[in-house]
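Read through the structure below, which is laid out as structure tokens, and then see the notes.
Remember, it's a predicted structure, so these values are computed and weren't measured experimentally.
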Amino acid sequence: MSAFLSGFMITASLIAAIGAQNAFVLKQGLLKQHVGVVVWICWLCDFALISTGVFGVSALLADSPKATALMALAGGLFLLAYAWRSAKSAWQGNGILTPDTAPTSPSPFKTAATTLALTLLNPHVYIDTVMLIGGAAAPLPPTGKWHFLAGALSASGIWFTAIGYGARLLLPLFRRERTWQILDSLIALMMLYLAFGLLRQAAGILL
């Protein structure tokens, strides 16, 4: 298997897992709110993190358990707050039936800040990008690493573009308020699950 294809396949298999970041990109795509900003930030974060992993800093977090624990704590608290907001939206039924009837869109800056937080406050993103993807590229020669990186970044770009801009194909289903409530409920449950996992990880290291 070529280095490009190897990078593409490994990244695609890791990035497709359901998580806070993917849920946020999907929802922004459904609402048609700053989709380009969200997609670009997700890809640029992957560019920085995967490049860091591929070119030899995969032990960055492994050598500092305390830093990993603090990051897990920050990420867990952030996801708890996000879960509360989603649960409240699901309970109240906020009337978001289609992008045309959605409430005022948050500013691009606020959307960008939320995207960065969901991406960079999750320690699992460092495990996936820096350690796992970077570790897979470790045996490759310098030229092979560049090809591997190109494949990995291609997978990332295709994925985020697909779920961001492809989400609108689901709009007929999301014309009903009940569907939005179900989505918000699922997002809240997923955020809670991820948050407790991160908080347990932080407690295991710090206590």
Say you draw a straight line from [atom1] of [X] to [atom2] of [Y]; how long is it, rounded to the nearest 0.5 Å?
X: Ile158; Y: Trp43; atom1: CD1; atom2: CH2; answer: 12.0 Å
X: Lys27; Y: Ser86; atom1: NZ; atom2: OG; answer: 5.5 Å
X: Leu77; Y: Leu199; atom1: CG; atom2: CG; answer: 5.5 Å
X: Ser51; Y: Leu149; atom1: OG; atom2: CG; answer: 4.5 Å
X: Asp46; Y: Trp159; atom1: CG; atom2: CH2; answer: 12.5 Å
X: Ile163; Y: Phe24; atom1: CD1; atom2: CZ; answer: 11.5 Å

Residue Arg200 excluded, over 12 heavy atoms near CZ under 6.0 Å | no

Could you pull out the closest heavy-atom pair between [X] and [Y], with the gap in Å?
X: Val39; Y: Tyr165; answer: CG2-CE1, 4.3 Å
X: Thr111; Y: His34; answer: OG1-CD2, 3.3 Å
X: Ile41; Y: Ala112; answer: CD1-CB, 3.3 Å
X: His147; Y: Ala3; answer: CB-CB, 3.9 Å
X: Leu120; Y: Cys45; answer: CD2-SG, 4.1 Å
X: Ala202; Y: Leu73; answer: CB-N, 3.8 Å

side-chain contact (heavy atoms from CB on, under 4.5 Å) assessment of Ser154 paired with Phe4 | CA-CA 9 Å; Ser154 296; Phe4 179 93; 3.8 Å; yes

Would you say the side chain of Ile133 lies within less than 4.5 Å of the side chain of Phe148, judging by non-hydrogen atoms?
-> yes

Please answer: with hydrophobic residues joined when any side-chain heavy atoms are less than 4.5 Å apart, are [X] and [Y] in the same cluster?
X: Ile10; Y: Phe55; answer: yes
X: Leu118; Y: Trp84; answer: no
X: Val54; Y: Leu44; answer: yes
X: Trp91; Y: Leu186; answer: no

Counting only N and O atoms by type, is there a donor-acceptor contact under 3.5 Å from the side chain of Gln28 to the main-chain atoms of Gln33?
-> yes

